[in-house]
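Presented below is the structure to which this report refers.
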Amino acid sequence: MEVKLLTEHYDDKSFQGIEGYKAKGGYEVLKKAFKMKPQEIIDEVKASGLRGRGGAGFPTGMKWGFLPKNDETRYLLCNADEGEPGTFKDRKMMERAPHQLIEGMIISSFAINSPKSYIYIRGEYNESTAILRKAIDEAYAAGMLGKNIMGSGFDHDLDLYVGAGAYICGEETGMISSLEGKKGQPKLKPPFPAVQGYLSKPTIVNNVETLAAVKYIIRDGAEAYKKHGTEKSCGTKLFSVSGNVQKPCTVEVPLGYSLMDLIELCGGLKPGRKLKAVIPGGSSAPVLTAEECVDAKMDYEDLAAKGSMLGSGAVIIIDDSNCMVDLLNVIMHFYHHESCGQCTPCREGTGWLEKMVKRIVTGEGRLDDIDLVLKVANQMKGRTICALSDAAALPAISFVEKFKKEFEYFVREGKSMVTSKGAPAHA
Amino acid sequence: MLKCTINGKEVEVKEGTTIIEAYKEMQEDIAHYCWHPGLSIAGVCRLCVVEIEGNPRLQIACNTEVRDGMVISNVSDKVEEAVRWGLDFHLINHPLDCPICDQAGECGLQEQYMKYGQYDSSMAENKVKKRKVVDLGPKIVLDAERCILCSRCVRFTEEISKTNELGIFNRGDHSMIGTVKDKPLDNDYSVNTVDICPVGALTSKDFRFQQRVWYLENTATTCPGCSTGCSVSVYHNKEGAYRVKPREDKENNGYWMCDEGRNVYKFVNKEARLLSAKTLNSGKLSSVRLAQALEDFTSFNREGKKVGVLLTGQNTTEEYKAILEMFAGADFFHWKNNEEKFNDFDGLLKRGDKNPNTNGLIETISNLKDAKSFNASNYDLTVAVMPENFLVYEDYNEKLESLKASKNLLLFSAAKLPKMELKTENTWVFPLKTFVEKEGSYLNHAKTERRIQKATSIVTEAVALNEFAAAVSRGLKININHHESRKQNEFTNIPGQY
């Protein structure tokens, strides 16, 4: 069943404004946090087992622990550059519950002693931007931001920075480059942002959902939060379910929730359709076949055991009316378009993959291409500064390996195996 | 010190050494394009991958520091496969136009291809098209299709010249090096970007299409362009010199040289040179054999004659010593150009003293008089040594003109001379060797000795001052070494080709 922690008041329009938010206990948790020591907050977050909700799933408390123990100015960056195809959970959060994010950010900033934080928001999110801007103004007016917040002696400023539309700026060091006014390209690591990030200062980059979850961990305590989810994948998770379900939507369920139940929660498949595959964690996650989906649990461990990943929680449901070759072509086009071009294997490999898959889709493929796609993709894996190269390689490998017959059919016959759809529209 | 094992050999390195530096120190092969010892680390070409025991993922050697006890290898099958593919990724959109590419013969892609090349392309698709002849500035042309986007040139303009003209525009496989409007690549060090470009993307307008590099020999020497005395290599063949490139010298010039210094080869080639000795024959200067001129000069009785010698800071210390000995008791004059700028320094390499050996002259000959007070008519014999790099002497013609007042004139010049009407009793003109034709040393601004080495013979009749003095004192037995083979010593080994 759904567990509404972060999404509890999504349907209440007044929750968007500070008055409505306060009426539902808004900024009370901040008051509680100010009574705690920063280290207690960090310990609580560590104890909660919260893992980054942006895609990589790195333990949040541990990340905060990497900050140097000194007086150096540090920054908190909220990653709201939600660009992974299939993901739309953060947008909804920013539009329905903007103050929840702001409160989570102030608590987190207090914990890591950051005087300034930024929300780096995706350029296309015009509505979210407007709503967040208004919410930030409200928070300033109410004394929740600025000097001596709630008489705690803690000063904090929050700024909104609108991206320019590059997927790569969702990568934390790419985001830092962009925020610094440079070309949005990931930085070589080490040094890691927690040591040397924005303006070469220690920087923590957390996802929207992660920062909002911090509020609930402090409100209810780590133990209460851990009651949701599995032993290693704690808490609830927002899933953006899209594709061939009757009711595509964002739902909040405990981690470890059954994938098949999740599909049912979103109205199930269209009548007469059969499940063919699911991309469980955004377009960069390896695809699961229908058979693999049967017992799949939506948590970090189970999906990893199945060779895929939870990613950002973007679940793309694919029924039998879809041609997998066509879908891969769309995905490859995306990564080719979005590669920043810094590292050679990614810059050249993403283009090469797209060209090969496109050729198959236009009926010009060679049988050798199928193996070559695998070879090229395998050589792009783990070879670059950031994970974009892997993000392109993983779907390519999983699509071709798991649906090889469809690729071979397309090469042999020059058309899709999926007859009900006929030739792909943009072939 | 840290101990580690590289390709099976145990080595000790200093703390903080990166793996690639350790490879370079032990002169072990490692492929790389973006890493350059004089620039920051980019980590983008992904070619310097190594396998570290205990780490399942290959790591890049340029951004990984050696830790004690590390066992590192780049000769495993896994690494070689990764490098082979890494190279293939570099090549799939490369035009492979080596036959018409100026970099051919000294190209990083060619070098690695010979080692790791897959020998047939597996890509059946069309290559990405980019701009071909992009004028980046007054000295440099870009071929964007050849570019492998290693970002060395961009980092150079950011970190070394600090002029920031270059950037990478666009994204992904349509990324391209470029400049912004109204800010061309034009700084005092811009041609270094051509040197560090591992492929044929950036070419120097001055050198492109002049020579195939495999027809050129290179000789390690010192740039005579200013008192810094950068370590350089002169590239030459029988016809003359074609270009000058910097040579690694951590203490003096690092990996760089200035654009101005690159022009020093221009005054050594035949078309700019005085080709033969001349003597005065019924009021007119006419060419004679070197031996004839020497004999002529030797027969001139110098006993009891008042001699004035005019020198610049452009000869070697050895030459100054010889001339001092030969004309002991003479008045020596120091001819300086832009003396007020002698101490100027641009903070990187360029100095205001456009003579390589001002200090050598000052240290060798005491009691130097300022050439401003020089008057040829005061002397029975005037000895004038014209500067080889005459372009930096604004008063060159004026000085030459003033020599007409000489009673007797012994003139040395590397450069072609204008027609001169002379009323002297005797005049002997000798063609002088330039820095590529002789050996010797300069004393640079920091009074460090900088050696020059003979690269080639361009003007066969030319002499160095010390050779001239020796020949005269030996009584005409000319022993001017034009054809000795180049000595192979450590000086000729050119380290650090990155």
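Just so you know, these numbers use all the heavy atoms, side chains as well, and skip hydrogens, waters and symmetry mates. What you see is a predicted model; the values in this text were computed from it and never measured. Proteins come first, then strands; the chains are lettered A, B, ... in the order of their sequence lines, and each starts at number 1.
- In terms of non-hydrogen atom pairs under 4.5 Å with chain B, the most contact-rich of A:Val376, A:Thr350, A:Asp369, A:Leu388 is A:Val376.
- Looking only at heavy-atom pairs under 4.5 Å with chain A, the residue among B:Gly86, B:Ser151, B:Ala42 that has the most is B:Ala42.
- For the pair B:Ala31 and B:Gln112, the tightest heavy-atom approach, listed with the atom from each and the gap, is CB-OE1, 3.5 Å.
- Using cut-offs of 30° and 60° on the angle between ring planes, the pair A:Tyr75 and A:Tyr198 is perpendicular.
- The only option from B:Glu25, B:Glu12, B:Lys24 that meets the side-chain contact (heavy atoms from CB on, under 4.5 Å) definition with B:Thr17 turns out to be B:Glu25.
- Proximity to chain A involves both the backbone and the side chain of B:Leu149, based on heavy atoms less than 4.5 angstrom apart.
- With sequence neighbours left out, B:Glu21 forms a side chain to side chain donor-acceptor pair (under 3.5 Å) with B:Thr18.
- Each of A:Lys187, A:Lys182, A:Glu171 was scored for a side-chain contact (heavy atoms from CB on, under 4.5 Å) with A:Ile176, with one residue passing: A:Lys187.
- Residue A:Arg359 touches chain B through its side chain alone, counting heavy-atom pairs closer than 4.5 Å.
- Proximity to chain B is limited to the side chain of A:Leu372, based on heavy atoms less than 4.5 angstrom apart.
- With a threshold of 4.5 angstrom between heavy atoms, A:Lys355 approaches chain B through its backbone and through its side chain.
- By the side-chain contact (heavy atoms from CB on, under 4.5 Å) test, B:Lys115 is found to be paired with B:Asp29, residues two or more places apart in sequence or in another chain being considered.
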Practice prompt. Check the pair B:Tyr23, B:Asn7 against side chain to side chain donor-acceptor pair (under 3.5 Å), reporting the backbone distance first and the verdict last.
Written response: CA-CA 9 Å; B:Tyr23 268 84; B:Asn7 294 354; 3.1 Å; yes
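- Both the backbone and the side chain of B:Ile168 have a heavy atom closer than 4.5 Å to some heavy atom of chain A.
- Evaluation of the side chain to side chain donor-acceptor pair (under 3.5 Å) test over residues 46-66 of chain B, restricted to residues two or more places apart or in two chains, returns B:Glu51-B:Ser76.
- At a heavy-atom separation below 4.5 angstrom, chain B is approached by A:His336, A:His337, A:Glu338, A:Ser339, A:Cys340, A:Gly341, A:Gln342, A:Cys343, A:Thr344, A:Pro345, A:Arg347, A:Glu348 within residues 332-348 of chain A.
- Taking both residues in full, the closest heavy atoms of A:Leu67 and A:Pro202 are given as CD2-CB, 3.6 Å, listed atom of the first, atom of the second, then distance.
- Crowding of B:Asp68 atom CG: a count of heavy atoms from other residues, nucleotides or ligands under 6.0 Å exceeding 12.
- Only the backbone of A:Lys189 comes within contact range of chain B, with at least one heavy atom under 4.5 Å from a heavy atom of that chain.
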